[in-house]
2 protein chains.
Amino acid sequence: MSDGPQPQTGQSLLFLTDEQLRKGIEAMFFAYRGFTADPDRILEEKSYGRAHHRAIHFIHRNPGTTVNNLLSILGVTKQSLNRVLRTLIEDGLVASTVGKRDKRERHLHLTTEGAVLERALSDAQRDRMRAAYRAAGPAAVAGFRQVLEAMMDDQARHHYEAMKDVTE
Amino acid sequence: MSDGPQPQTGQSLLFLTDEQLRKGIEAMFFAYRGFTADPDRILEEKSYGRAHHRAIHFIHRNPGTTVNNLLSILGVTKQSLNRVLRTLIEDGLVASTVGKRDKRERHLHLTTEGAVLERALSDAQRDRMRAAYRAAGPAAVAGFRQVLEAMMDDQARHHYEAMKDVTE
DNA sequence: GACAATACGTCAGCTTTGTTGACATTCCAA
DNA sequence: TTGGAATGTCAACAAAGCTGACGTATTGTC
């Protein structure tokens, strides 16, 4: 209602029609499938799943993170994360060390072997992302990131921003 | 390695660094969670899942589609789709009619009740998408769509484009 | 020192949604 | 007309999410 066709200055609001939004929705669906396809192939060989990938990715990004912190980043229950984490630790990809200051905490790191898998998964996913970025160009990429950030929940955006400035 | 800092003409290739790509990957992950959050809440009340949402969405977009066609759009096995479809048919949201020309085929439509749920889900998802679009602006939206399209598999892009011109 | 709160791990059981394999029906072409 | 291909259904199983309950070690507080 509030977005009726008010004659707008120059740049019209045509990009906010239901039809345009629907296409955006479908683009997200199809693109996300492409986004996960390449790592999925690698994971399948090792009989891991997407959950393992997510854990590995964020442990890599936040080395030494605690289980609780990882939980809130991933937005799953601890039972669910624990199952994944246990297999990764058993398989020697992730190391869990007792906290120095607080001995209740476990700090998570990738082992050398874990870092190898992380690199393989990351490379596969980045290759596709790079091709898409290159095809679309820098201006499109900026817009892409802007829209995605606006689509996040507040909590997710917080995590996202927190990791942003690791290397910036 | 291949994207070392080669001095580029004007517009640098800084947006293709591993770090930038990694942020794009994380943006996709967090944004997709937001993207599905609102419909998920509605679905939970009716004890349906995301798979039901996808089926309803694409049946709405391609009324009269066959099971096989829906299969190739959704990219799952027919057994998986069948379970979802069966509950939707039992619950009276989807109508399945035997094909006239080919009696092996089943043509799928939303019932009135199905269309009501589709609308509710669609509205919820579009609201978030609209807010993100509005916040980012038309230029960003164009870039967003460009990058997503470039990220799709060929087959997905084909389906995406095929549905594009329904109303254009 | 007693006791509540925190961080983590685990067990049991359930749901959704993906998989493979077997099977019925229908169409088409040799 | 008959055998193979295509379409869709049923059965059983696996991955990965969830809730709830409980145990243990540690921390911090009264």
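Chain naming here is simple, since letters A, B, ... match the order of the sequence lines and numbering starts at 1 in each. Keep in mind it's a predicted model, so treat the numbers as computed, not measured. Below, all heavy atoms of this structure are taken into account, side chains as well, without hydrogens, waters or symmetry copies.
Aromatic ring pairs are classed by plane angle as parallel below 30°, tilted from 30° to 60° and perpendicular above 60°; the pair B:Tyr32 and B:Phe35 is tilted.
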### Stepwise side-chain hydrogen bond (donor to acceptor under 3.5 Å, both in side chains) check, B:Glu118 with B:His53
CA-CA 8 Å; B:Glu118 193 283 331; B:His53 184 190; over 6 Å; no
### Message
Run the salt bridge (charged side-chain N to carboxylate O under 4.0 Å, His left out) test on A:Glu161 and A:Arg145 for me, step by step, so that the C-alpha distance in whole Å, both residues' side-chain angles and the decisive distance to 0.1 Å come before the verdict.
### Response
CA-CA 12 Å; A:Glu161 313 246 337; A:Arg145 287 268 298 273; over 6 Å; no
### Message
Could you walk me through whether A:Lys46 and A:Asp91 satisfy the salt bridge (charged side-chain N to carboxylate O under 4.0 Å, His left out) test, starting with their C-alpha distance in whole Å, then the side-chain angles of each, then the deciding distance to 0.1 Å, before giving a yes or no?
### Response
CA-CA 11 Å; A:Lys46 320 227 170 204; A:Asp91 294 355; over 6 Å; no
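Comparing D:dT7, C:dG9, C:dT19 by their closest approach to the side chain of B:Glu105 singles out D:dT7.
Atom CG in B:Leu70 sits about 14 Å away from atom P in D:dT7, given to the nearest Å. Rounded to whole Å, the distance from CG on B:Leu81 to P on D:dT7 is 14 Å. Distance B:Asn82 CG to C:dT20 P: 15 Å, rounded to the nearest Å. The distance from atom NE2 of A:His107 to atom C1' of D:dT26 is 13 Å, rounded to the nearest whole Å. Computed from coordinates, the B:Asp40 CG to C:dT17 C1' distance equals 13 Å when rounded to whole Å. For the pair A:Asn69 CG and C:dT6 C1', the computed distance is 15 Å after rounding to whole Å. D:dC13 atom C1' lies 11 Å from atom CZ of B:Arg83, rounded to whole Å. Between the CG atom of B:Leu71 and the C1' atom of D:dG8 there is a distance of 10 Å, rounded to whole Å.
Against DNA chain D, the stretch residues 43-59 of chain B makes no heavy-atom approach under 4.0 Å.
A search for side chain to side chain donor-acceptor pair (under 3.5 Å) contacts involving B:Arg128 returns A:Asp153, B:Asp38, not counting sequence neighbours.
Between B:Asp123 and B:Arg119, at least one side-chain nitrogen of the basic residue sits less than 4.0 Å from a carboxylate oxygen of the acidic one, meeting the salt-bridge criterion. At a threshold of 4.0 Å, the pair A:Arg61-B:Glu19 counts as salt-bridged, since one of the basic side-chain nitrogens sits closer than that to a carboxylate oxygen.
Nucleotides of DNA chain D nearest to A:Gly75 and B:Thr66 differ in position, and the one nearer the 5' end is that of B:Thr66.
Contact annotation: A:Thr77 reaches the phosphate of D:dC18 (side-chain N/O to OP1 or OP2, under 4.0 Å). Look at B:Asn68 and you won't find any side-chain N or O under 4.0 angstrom from OP1 or OP2 of D:dA6.
Heavy-atom minimum distance, B:Thr36 versus B:Arg50: OG1-NH2, 3.2 Å.
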### Task
Treat primed atoms plus P, OP1 and OP2 as sugar-phosphate and everything else as base, then score nucleotides 22-30 of chain C 5' to 3': B for base contact with protein heavy atoms under 4.0 Å, S for sugar-phosphate contact only, - for none.
----BS---
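With hydrogens and angles ignored, no donor-acceptor pair under 3.5 angstrom links the side chain of A:Arg86 to the base of C:dG9.
Ring centers of B:Phe58 and A:Phe29: under 6.0 Å apart, within the cut-off.
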